[in-house]
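Below is one structure, written out as structure tokens; the observations come after it.
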2 protein chains.
Amino acid sequence: MTDQTQNAFRALADPTRRDILRMLSAQDMTIAQVSDRFDMTRAAVKKHLTVLSDGGLITVEARGRERINTLNPAGLAPVLNWLEYFDCFWDDRLDALKTAIEKDLQ
Amino acid sequence: MTDQTQNAFRALADPTRRDILRMLSAQDMTIAQVSDRFDMTRAAVKKHLTVLSDGGLITVEARGRERINTLNPAGLAPVLNWLEYFDCFWDDRLDALKTAIEKDLQ
DNA sequence: TTAATGAGATACCATATGGTATCATGTCAA
DNA sequence: TTGACATGATACCATATGGTATCTCATTAA
């Protein structure tokens with residue numbers, strides 16, 4: 001398996017990082033903008049962004065003295081690819097899965 | 001989101017645990033059987049199985065003095081549910097995603 | 001009954017992780 | 001030029017994590 005698979009799974013393992021991804025899905029943000037939404041220091045948020053970048057889930061682009069963080073949905077590919085391996089089980093137990101999803105949504 | 005979401009993502013974050021899930025997709029296994037396939041102690045494997053169980057990704061059933069570990073595909077539901085949030089981006093960038101998946105498969 | 005065996009429980013260790021504080025650097029604006 | 005500001009970098013801390021060793025318990029087989 002590629003290293004990206006591990007890096008992506010690791011990046012997704014933290015709830016703060018998953019929240020950041022959702023925020024970035026709405027709009028690109030600077031580090032300061034992301035930090036404003038969390039009760040932690042900018043340095044801590046910066047660390048999370050580095051992990052997300054290592055996982056290929058975001059891209060960072062310099063714009064003057066700012067750094068624009070952008071969601072990179074393609075970075076989820078290794079994760080989806082790994083999960084696809086279990087598709088055959090979902091065929092068998094699709095009903096149970098759907099029920100579980102609906103329950104989780106409640 | 002439910003606690004199961006966090007527990008499931010955390011369980012998937014370790015490569016050993018992902019390997020265990022793939023093994024269990026082929027057949028149910030006792031702790032000893034799983035341990036035989038890894039270069040680590042039974043106690044370490046047992047810890048991983050506990051994390052997988054906490055994440056709802058496997059079920060454990062006692063049979064005599066053995067414990068049968070079984071894959072629970074439905075436990076992936078919270079993960080899939082979370083990932084579904086990004087479906088709208090995949091619509092936009094489906095080609096890039098497919099390319100990324102194919103690249104990851106190589 | 002008595003070992004042998006599969007698993008659970010606990011203590012312990014090294015390192016990774018998530019966080020802070022602090023200082024340095026580059027860039028924008030007056 | 002000179003601050004002010006967004007970010008980078010480093011050192012440091014507490015706790016989580018992945019691992020081992022060891023002991024105990026329950027069950028199976030001789």
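The analysis underlying the following values was restricted to heavy atoms, covering all of them including side chains, and did not include hydrogens, waters or symmetry mates. Owing to the predicted nature of the structure, the values given are computational and were not obtained by experimental measurement. Residue numbers start from 1 in every chain, and the chains themselves are labelled A, B, ... in the order their sequence lines are given, proteins ahead of strands.
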Handout entry: Between CG on residue A/L71 and CD1 on residue A/I20, distance to nearest 0.5 Å
Key = 11.5 Å
Completion exercise
What residues 9-19 of chain A contributes to the DNA chain C interface at heavy-atom separation below 4.0 Å is A/R10, A/D14, A/R17
Handout entry: Hphob cluster co-occupancy, A/I31 + A/V60, side-chain heavy atoms under 4.5 angstrom
Key = yes
Handout entry: Phosphate contact (D/dG8 OP1 or OP2) by A/R67 side-chain N/O below 4.0 Å
Key = yes
Practice task
Measure the distance from CD1 on B/I31 to C1' on D/dC25 and round it to the nearest whole Å.
Solution key: 14 Å
For residues 42-52 of chain A, run the donor-acceptor check on the side chains, cut-off 3.5 Å, and write out each pair with its distance to 0.1 Å, sequence neighbours left out.
from	atom 1	to	atom 2	distance (Å)
A/H48	ND1	A/R17	NH1	3.1
A/T50	OG1	A/K46	O	3.0

Problem - Residues in contact with DNA chain C, drawn from residues 33-61 of chain B - heavy-atom cutoff 4.0 Å - result: B/R42, B/K46
Practice task
Taking A/Q33 for its side chain and A/T30 for its backbone only, find out whether a donor-acceptor pair lies under 3.5 Å.
Solution key: yes
Problem - Non-hydrogen atoms of B/D54 and B/Q4 that approach each other most closely - result: O-OE1, 3.3 Å
Problem - A/R63 CZ - D/dC5 C1' separation (whole Å) - result: 15 Å
Completion exercise
Closest non-hydrogen atoms of A/S25 and B/Y85, given as atom of the first, atom of the second and distance, are OG-CE2, 3.5 Å
Exercise for the section: Go through the N and O atoms of the side chain of B/R65 and the base of C/dT5, and report whether any donor-acceptor pair is under 3.5 Å. Expected result: yes
Exercise for the section: Kindly say whether A/L12 contributes a backbone atom to a donor-acceptor pair with the side chain of A/R18 at under 3.5 angstrom? Expected result: yes
Exercise for the section: Could you pull out the closest heavy-atom pair between A/A8 and A/G55, with the gap in Å? Expected result: CB-O, 3.8 Å
